[in-house]
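All heavy atoms count here, side chains included; hydrogens, waters and symmetry mates do not.
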Amino acid sequence: MVIVMEYKFTKDNFENEVMNSDMPVLVDFYADWCGPCKMMSPVVDNIAEKYAGKANLG
């Protein structure tokens, strides 16, 4: 089992965590009310596991 750290990007940390990151970053825009967002959640989780330590996902 791979434990993946989920980043929560905010206006306060976006510059540092995304723009100045040493690794590639995937920013997933998600809303609880969004059906397509919920459908993509397993795909995004799979990407996060596959690229753990190689890219940041938030």
Side-chain angles (χ1 to χ4, degrees):
M1 179 172 154
V2 177
I3 298 173
V4 178
M5 182 177 167
E6 177 183 330
Y7 291 90
K8 297 210 182 233
F9 302 129
T10 66
K11 65 180 180 177
D12 295 325
N13 72 8
F14 190 85
E15 185 76 27
N16 190 48
E17 295 290 334
V18 177
M19 302 304 289
N20 296 329
S21 177
D22 293 336
M23 290 193 276
V25 179
L26 172 65
V27 179
D28 177 37
F29 295 91
Y30 179 89
D32 289 330
W33 52 263
C34 176
C37 296
K38 289 182 179 184
M39 290 173 51
M40 288 300 297
S41 185
V43 175
V44 174
D45 290 343
N46 189 15
I47 292 170
E49 284 185 29
K50 184 176 180 179
Y51 289 96
K54 298 176 189 173
N56 294 332
L57 173 69

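To the nearest 0.5 Å, atoms CG (L57) and NZ (K50) are separated by 14.0 Å.
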Output side-chain donor-acceptor pairs under 3.5 Å for residues 15-36, partner residues at least two apart or in another chain, one line each.
unit_1, atom_1, unit_2, atom_2, d
N20, ND2, E15, O, 3.4
S21, OG, M23, N, 3.1
S21, OG, M23, O, 2.9

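Within a 6.0 Å sphere centred on OH of Y51, heavy atoms belonging to other residues, nucleotides or ligands number 12 at most.
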